A.B. asks: 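I have a structure here, written as structure tokens, and I will follow up with some questions on it.
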Amino acid sequence: MTTVEGIVLKERSVGEQDKFIDILTKESGVLEVSVKGARKINGKSGSSTQLLAYSRFCIDKRGSYLYLNSAEPIHIFYGLRGSLTKISLASYFAEVLRFCIRPETQNGDILRLMLNCLHYLENGERDESFLKAVFELRLMSEIGYMPDIVACRGCGVFEPEELFFCIRDGGFFCADCFDSESTDDFMKIKLPVLSAVRHIVLADMGRLFSFRVSESAQQRLSALAESYALTHLERSFGTLDFYKSLL
């Protein structure tokens with residue numbers, strides 16, 4: 001038997017009383033665990049194994065399958081369920097993580113990213129568009145798709161007032177170096193957006209959320225982060241489509 005802490009990314013019903021859950025853990029990636037009797041009225045693990053519950057799980061391994069022995073809730077994020085946009089955005093985060101994270105991988109910072117985003121989302125301490133952009137760009141950096149945001153690839157200038165960011169390869173050119181005929185995959189942004197991207201991908205996790213941008217810069221940052229994530233993950237997500245339909 002092993003004990004892990006993690007957050008439930010998905011539930012799938014099996015038969016009349018059982019279900020499978022996918023758990024994002026710090027040490028072992030995403031684990032698929034069978035929960036027997038989870039749908040009984042008097043089931044002991046109901047709250048601990050629901051979607052987005054952060055819990056401590058005791059797990060038995062029998063052959064190649066994992067079974068839940070017991071679970072203790074740490075934080076359930078009930079506050080997310082009071083807003084359809086909040087729970088939809090959180091579900092998008094969970095779907096992306098299920099796609100990106102594999103079993104038997106170390107994910108301490110990614111688990112922390114998810115928990116922090118849900119904390120701010122639940123408490124309304126940051127705008128949804130802000131949290132979505134932070135999640136997308138930092139996750140991409142953590143899984144190996146960090147953008148190259150050090151300097152202009154043409155002249156090396158560090159803080160151009162205006163620049164063109166390449167969504168596909170993550171680099172940028174200042175306005176003076178940019179080839180105006182190469183508009184595909186490039187997004188025109190200004191320095192405050194570049195500074196926000198640099199903070200998101202480079203800051204220590206403890207300082208990740210400690211920055212502000214203007215409303216106009218936030219709109220551009222949100223568009224860049226979403227395009228960058230979907231381009232490099234090479235797919236769309238139904239939860240994202242639903243979330244955007246609510247806005």
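Below, all heavy atoms of this structure are taken into account, side chains as well, without hydrogens, waters or symmetry copies. These figures come from a predicted structure and were not determined experimentally.
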A.B. asks: What pairs with Glu72 under salt bridge (charged side-chain N to carboxylate O under 4.0 Å, His left out), at least two apart in sequence or on another chain?
C.D. replies: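 Glu72 satisfies salt bridge (charged side-chain N to carboxylate O under 4.0 Å, His left out) with Arg56 only.
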
A.B. asks: Going hydrophobic residue to hydrophobic residue with side-chain gaps under 4.5 angstrom, can you get from Phe211 over to Val197?
C.D. replies: yes

A.B. asks: Which heavy-atom pair separates Ser48 from Pro73 by the least distance, and what is that distance?
C.D. replies: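 Between these two residues, the closest heavy atoms are OG-CD, 3.0 Å.
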
A.B. asks: Ignoring hydrogens and geometry, is there a side-chain-to-backbone donor-acceptor pair from Ser88 to Thr85 under 3.5 Å?
C.D. replies: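 Absent.
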
A.B. asks: Given Arg220 and Val213, is the side chain to side chain contact (heavy atoms under 4.5 Å, CB included) satisfied, shown in steps?
C.D. replies: CA-CA 10 Å; Arg220 208 62 179 154; Val213 293; over 6 Å; no

A.B. asks: Any pair with a residue in residues 131-143 that passes side-chain hydrogen bond (donor to acceptor under 3.5 Å, both in side chains), sequence neighbours left out, goes on the list, sorted by first then second residue, please.
C.D. replies: Tyr92-Glu136, Lys132-Glu136, Lys132-Glu226, Arg138-Glu142

A.B. asks: Can you name the closest pair of heavy atoms from Gly29 and Asn107 and give their distance?
C.D. replies: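 Where Gly29 meets Asn107 most closely, the heavy atoms are CA-ND2, 3.1 Å.
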
A.B. asks: So how far is it from Met187 CE to Leu163 CG, rounded to the nearest 0.5 Å?
C.D. replies: 11.5 Å

A.B. asks: Rounded to the nearest 0.5 Å, what's the gap from CZ on Phe172 to SG on Cys152? Could you check?
C.D. replies: 6.0 Å

A.B. asks: I need the minimum non-hydrogen distance between Lys36 and Ser34, along with the two atoms involved.
C.D. replies: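 So the two residues come closest at CE-OG, 3.8 Å.
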
A.B. asks: Is there a path of hydrophobic side-chain contacts, each under 4.5 Å between heavy atoms of I/L/V/M/F/W/Y residues, joining Ile74 to Leu24?
C.D. replies: yes

A.B. asks: Do Ile110 and Ile101 touch side chain to side chain, with heavy atoms closer than 4.5 Å?
C.D. replies: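 Yes - at least one pair of side-chain heavy atoms lies under 4.5 Å apart.
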
A.B. asks: Taking side chain as C-beta onward, heavy atoms only, is Asn69 less than 4.5 Å from Met1?
C.D. replies: yes

A.B. asks: Examine distances only and state if a side-chain atom of Glu122 and a backbone atom of Gly79 form a donor-acceptor pair shorter than 3.5 Å.
C.D. replies: yes

A.B. asks: Can you confirm whether Ile59 sits close enough to Lys61 that some side-chain heavy atom of one is under 4.5 Å from a side-chain heavy atom of the other?
C.D. replies: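 Sidechains of Lys61 and Ile59: no contact.
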
A.B. asks: Verify the cluster assignment for Ile167 and Leu233: are they in a single hydrophobic cluster under the rule of side-chain heavy atoms below 4.5 Å apart?
C.D. replies: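 Shared cluster, yes.
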
A.B. asks: Please walk me through it: do Leu9 and Met114 pass side chain to side chain contact (heavy atoms under 4.5 Å, CB included)?
C.D. replies: CA-CA 10 Å; Leu9 301 180; Met114 178 63 161; 4.2 Å; yes

A.B. asks: Could you state the interatomic distance from CZ (Phe93) to CG (Leu139), rounded to the nearest 0.5 Å?
C.D. replies: 10.0 Å

A.B. asks: Do Phe135 and Phe130 have their ring centres less than 6.0 Å from each other?
C.D. replies: no

A.B. asks: Tell me every residue that passes side-chain contact (heavy atoms from CB on, under 4.5 Å) with Ser214, counting only those two or more places apart in sequence or in another chain.
C.D. replies: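 Once residues adjacent in sequence are excluded, the partners of Ser214 under the side-chain contact (heavy atoms from CB on, under 4.5 Å) criterion are Ser216, Ala217.
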
A.B. asks: Can you confirm whether Lys86 sits close enough to Glu128 that some side-chain heavy atom of one is under 4.5 Å from a side-chain heavy atom of the other?
C.D. replies: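 A side-chain contact exists here, since the closest heavy-atom pair is under 4.5 Å.
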
A.B. asks: With a 3.5 Å distance limit and no angle check, can you tell me whether Asp22 reaches the backbone of Lys10 through a side-chain donor-acceptor pair?
C.D. replies: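 Pair absent, no side-chain N/O of Asp22 close to backbone of Lys10.
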
A.B. asks: Atom CD1 in Ile7, atom CG in Leu97: separation rounded to 0.5 Å?
C.D. replies: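 Taking CD1 in Ile7 and CG in Leu97, the distance rounds to 8.5 Å.
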
A.B. asks: Tell me whether Met146 shares a hydrophobic cluster with Val134, the cluster being built from Ile, Leu, Val, Met, Phe, Trp, Tyr side chains joined at under 4.5 Å.
C.D. replies: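 Hydrophobic grouping puts Met146 with Val134.
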
A.B. asks: Where do Phe165 and Pro147 come nearest, in terms of heavy atoms and distance?
C.D. replies: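 Scanning both residues, the minimum pair turns out to be CZ-CB, 3.9 Å.
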
A.B. asks: So if you build clusters from Ile, Leu, Val, Met, Phe, Trp, Tyr with side-chain heavy-atom gaps below 4.5 Å, do Tyr65 and Phe20 land together?
C.D. replies: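 No, Tyr65 does not connect to Phe20 through the hydrophobic network.
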
A.B. asks: Do the side chain of Asn123 and the main chain of His119 share a donor and acceptor less than 3.5 angstrom apart?
C.D. replies: yes

A.B. asks: With side chain to side chain contact (heavy atoms under 4.5 Å, CB included) as the test, would you mind laying out the steps for Tyr67 and Val33 before giving the verdict?
C.D. replies: CA-CA 5 Å; Tyr67 296 87; Val33 180; 5.6 Å; no

A.B. asks: With a 4.5 Å cut-off on side-chain heavy atoms, are Leu68 and Cys58 touching?
C.D. replies: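 Heavy-atom side-chain distance check fails, nothing below 4.5 Å.
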
A.B. asks: Do you know the tightest heavy-atom contact between Ala151 and Arg198?
C.D. replies: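 Smallest interatomic distance, heavy atoms only, reads N-NH2, 4.4 Å.
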
A.B. asks: Apply side-chain hydrogen bond (donor to acceptor under 3.5 Å, both in side chains) to residues Arg81 and Gln50 and explain how you reach the verdict.
C.D. replies: CA-CA 12 Å; Arg81 289 164 171 77; Gln50 64 181 296; 3.3 Å; yes

A.B. asks: Regarding Glu32 and Arg12, does a basic nitrogen lie under 4.0 Å from an acidic carboxylate oxygen?
C.D. replies: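 Here Glu32 pairs with Arg12 in a salt bridge, since their nearest N and O are under 4.0 Å apart.
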
A.B. asks: Please list every donor-acceptor pair under 3.5 Å in which a side-chain atom of residues 199-209 meets a protein atom from a residue at least two apart or in another chain.
C.D. replies:
from, atom 1, to, atom 2, distance (Å)
His199, NE2, Arg207, O, 2.8
His199, NE2, Leu208, O, 3.2

A.B. asks: Examine Phe186 together with Phe164 and report whether their ring centres are nearer than 6.0 Å.
C.D. replies: no

A.B. asks: How would you list all residue pairs meeting side-chain hydrogen bond (donor to acceptor under 3.5 Å, both in side chains) that involve residues 228-242, not counting sequence neighbours?
C.D. replies: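 Sorted pair list: Glu95-Arg235, Glu95-Thr239.
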
A.B. asks: May I have the step-by-step check of side chain to side chain contact (heavy atoms under 4.5 Å, CB included) for Leu51 and Ser91, ending in yes or no?
C.D. replies: CA-CA 9 Å; Leu51 180 65; Ser91 297; 4.1 Å; yes

A.B. asks: Nearest 0.5 Å, what's the OG-CZ distance between Ser210 and Arg212?
C.D. replies: 9.5 Å

A.B. asks: Can you tell me how far CG of Leu224 sits from CG of Leu137, rounded to the nearest 0.5 angstrom?
C.D. replies: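 Reported to 0.5 Å precision, the distance equals 6.5 Å.
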
A.B. asks: Not counting sequence neighbours, list each pair that qualifies as a salt bridge (charged side-chain N to carboxylate O under 4.0 Å, His left out) and has a residue in residues 156-176.
C.D. replies: Arg153-Asp169, Glu162-Lys188, Glu162-Lys190, Arg168-Asp185

A.B. asks: May I ask you to test the Leu121-Arg126 pair for a side-chain heavy-atom distance under 4.5 Å?
C.D. replies: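 They are not in side-chain contact.
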
A.B. asks: For Ala90 and Leu52, which heavy atoms make the closest approach, and how far apart are they?
C.D. replies: CB-CD1, 3.6 Å

